[in-house]
Novice: 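Quick one: the structure is below, and I'll ask about it shortly.
Proteins come first, then strands; the chains are lettered A, B, ... in the order of their sequence lines, and each starts at number 1.
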2 protein chains.
Amino acid sequence: MQSGFPFTKFADRLASLVELSSDDVDLLAKMPATIGHFGSRDIVARKGDRPTVCCLLLQGYLCWTVDCESQQQITSLHVPGDIPDLQALSAPLLQFDLTAFGPVVVAFVPHRFFRELSEASARLSRALSLLMLTDVWCLRNWICNLATRDALARVAHLLCELTVRLQAIGQARDFRFLSPFTQTDLAAACAISAVHANRTIQELRRRKLLQWNSRTIEITDWSGLVRLAGFQPDYLGLRKPSLQEAKDFNASLAEIRI
Amino acid sequence: MQSGFPFTKFADRLASLVELSSDDVDLLAKMPATIGHFGSRDIVARKGDRPTVCCLLLQGYLCWTVDCESQQQITSLHVPGDIPDLQALSAPLLQFDLTAFGPVVVAFVPHRFFRELSEASARLSRALSLLMLTDVWCLRNWICNLATRDALARVAHLLCELTVRLQAIGQARDFRFLSPFTQTDLAAACAISAVHANRTIQELRRRKLLQWNSRTIEITDWSGLVRLAGFQPDYLGLRKPSLQEAKDFNASLAEIRI
DNA sequence: TGCGCCATCTAACAAAGGTTAAAGACGAAT
DNA sequence: ATTCGTCTTTAACCTTTGTTAGATGGCGCA
């Protein structure tokens, strides 16, 4: 299972951003990688580190976190296929902690490999740049989320983003996915208190937008959730109109139920 | 005044991050630039644009803004010497608006020039990477600021960051600087209402931490402001310990007053 | 000189969300 | 099966901040 696995995960993610040729995929297949396993809350890379490898996330979730004013704050969220520390490639001093949520598998890939990729293929170089850029877009959007939405819409928006990003890598096609996040984690991401996170989830449940039971989240009314959140996924840089696909899927679900 | 001016501004900024050799400065001096002037609230580059030049800020302030839920949100702040759209170099699709605050002078510099710089000098390449990276660090810190501090500390933190960044480029040495920002702008940056921004500023004045009159801000108690904000400037990546310098300066001021 | 515009300021009230504390619920380990 | 710890849920109360609306003040311009 392990052999070839890391690069396909990454190829899927890049393919969600740009169209890849078979030459590109051949180049990616040469990726040297060391596999690492982590448990929930393990810190994969720490503030102050100067790693010479990037973390390609294969399974689970990684978040950039920071202990600020005596509470942990989540500043971004990464799904399999992402390389959270790609932008640190040429200036590898970490200013934040990279924390695992749930059981996590990563591939450590030498910085050198990505530099060689960039030189070997203009398209791959562009793809890597886009990958970095979407992280920045996500950060600005995260700021916008915290700044302009109330707790309910904020949580809804986070779940919309998570769903679409999972769908872009072929997961959560049925709007259902496993989540290692506790309500306290959700609170740390959305900058609300844990108690209010609970109130908010219950309100989302009451509105029949989702179910969230014991580590499984299911979005039961996608277009309702999108409307509540004011979610516009263009900032994710995704090639496919996942939202439209999703709407179609949801519509078909609705038909079945009627 | 115009000739040579753009590159010195930029060299100052890079020198705040890494030590530059005279060769590096010679390379920077070859920077081709077109000067542009903008008025307050002008949009220098717009969401959806695909520019082939970067914006080197020479005078005034540029902010990345986004109209989200019918209100303008500021997601980052840039001072002279910064290149707000440097990270868009290789994937130049803009997802946000770059807005001028106050009268602004920029130098438009072709993307090509920065690619050539990176190839010509490893140190300059590293400096450019650091410049991009500090933007990302600032974004994560901005998230942390919105998420973990109340309005008073949030405003204090923003002013601390602004002061240190200005000092790093040789401005605001005496903790006094011109500001084109209205209280409404401050509110848009800190995600508070304009009314509350006013209350907050008055509280900062009442505590004798600063004066803010008709476009001029003066920090009158730097260490008090730093303490209130819980400000730790390491995320700015600055080479010089500006904070220490500042503390010394403030201490000397205090002595004079006694 | 006076007008209009915009920024600042003030006050009263309303709403959203934080805090504390304690009670259930669930799962893992013994 | 029991116990422990963590996660979820509930309730009461309180603080911060938002909202609305109007007053004040400065500045450019006719």
Novice: Using a heavy-atom cut-off of under 4.0 Å over every strand shown, decide if R215(A) touches base, sugar-phosphate, or nothing.
Specialist: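 Answer is sugar-phosphate: R215(A) comes under 4.0 Å of backbone atoms only.
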Novice: What parts of residues 143-151 of chain A reach DNA chain D, counting only heavy atoms under 4.0 Å away?
Specialist: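 Contacts with DNA chain D under 4.0 Å: none.
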Novice: Over all strands shown, is A197(B) touching base, sugar-phosphate only, or nothing at heavy-atom distances under 4.0 angstrom?
Specialist: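 The answer is nothing, as A197(B) stays clear of every strand by at least 4.0 Å.
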Novice: Taking R207(A) first and then E203(A), would you say they form a salt bridge - that is, a charged N and a carboxylate O separated by under 4.0 Å?
Specialist: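 A salt bridge links R207(A) with E203(A).
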Novice: Which label fits H157(B) and Y235(B): parallel for a plane angle under 30°, tilted from 30 to 60°, or perpendicular past 60°?
Specialist: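 Ring orientation of H157(B) relative to Y235(B): parallel.
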Novice: Which of parallel (below 30°), tilted (30 to 60°) and perpendicular (above 60°) describes F175(B) and W222(B)?
Specialist: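 If you compare the ring of F175(B) with that of W222(B), the planes turn out tilted.
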Novice: I'd like to check the side-chain hydrogen bond (donor to acceptor under 3.5 Å, both in side chains) partners of Y61(A); sequence neighbours left out, ordered by chain and number.
Specialist: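 Y61(A): no side-chain hydrogen bond (donor to acceptor under 3.5 Å, both in side chains) contacts found.
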Novice: Give the rounded distance in Å between these two atoms: CD of E203(B) and C1' of dT10(C).
Specialist: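 The answer, rounded to whole Å, is 16 Å.
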Novice: Looking only at heavy atoms, which two atoms of V66(A) and C144(B) are closest? And how far apart?
Specialist: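 Taking V66(A) first and C144(B) second, the nearest heavy atoms are CG1-SG, 4.1 Å.
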Novice: Using a 4.0 Å heavy-atom cut-off, write out nucleotides 19-26 of chain D from 5' to 3' as B (base contacted by protein), S (sugar-phosphate only) or - (no contact).
Specialist: BB------
Novice: Under a 4.0 Å N-O cut-off, is there an ion pair linking R140(A) with D135(B)?
Specialist: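 The answer is no: the pair does not qualify as a salt bridge.
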Novice: For T216(B) and N213(B), does a side-chain donor sit closer than 3.5 Å to a side-chain acceptor?
Specialist: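 Short answer, no.
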Novice: Rounded off to whole Å, could you give me the CG-to-P distance for the L186(B) and dT17(D) pair?
Specialist: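 Result: 13 Å.
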Novice: Enter the distance from Q73(B):CD to C63(B):SG here, rounded to the nearest 0.5 Å.
Specialist: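 One finds 10.5 Å between CD of Q73(B) and SG of C63(B).
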Novice: With respect to the phosphate group of dT9(D), does any side-chain polar atom (N or O) of R205(A) fall under 4.0 Å of OP1 or OP2?
Specialist: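 Affirmative; the distance criterion is met.
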Novice: Using a cut-off of less than 4.0 Å, is there contact between a side-chain N or O of Q202(A) and OP1 or OP2 of dT10(D)?
Specialist: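 The answer is yes; a side-chain N or O of Q202(A) sits under 4.0 Å from OP1 or OP2.
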Novice: Just how far, in rounded Å, is P of dA16(C) from CZ of R154(A)?
Specialist: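 Roughly 13 Å, once rounded to whole Å.
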Novice: Answer yes or no: does a side-chain N or O of N198(A) lie under 4.0 Å from OP1 or OP2 of dT8(D)?
Specialist: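 It does not, given that no N or O in the side chain of N198(A) lies less than 4.0 Å from OP1 or OP2 of dT8(D).
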Novice: In whole angstrom, give the distance that lies between atom CG of L152(B) and atom C1' of dT17(D).
Specialist: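 Taking atom C1' of dT17(D) as the reference, CG of L152(B) is at 13 Å.
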Novice: Could you state the atom-to-atom distance from CZ of R206(A) to P of dT9(D) in whole Å?
Specialist: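 In whole Å, dT9(D) P and R206(A) CZ are 15 Å from each other.
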Novice: Both S214(A) and A194(A) contact DNA chain C. Which one's nearest nucleotide lies toward the 5' end?
Specialist: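 It is A194(A), whose closest nucleotide lies nearer the 5' terminus.
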Novice: Provide, to the nearest angstrom, the distance between the CD1 atom belonging to I201(A) and the C1' atom belonging to dA25(C).
Specialist: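 About 16 Å, once rounded to whole Å.
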Novice: For I192(A), report the nucleic acid contact type (base, sugar-phosphate, nothing); a contact means any heavy atom under 4.0 Å.
Specialist: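 Answer is sugar-phosphate: I192(A) comes under 4.0 Å of backbone atoms only.
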Novice: Flag the pair I74(B) / F101(B) as yes when at least one side-chain heavy-atom distance between them is below 4.5 Å, and no otherwise.
Specialist: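 In contact.
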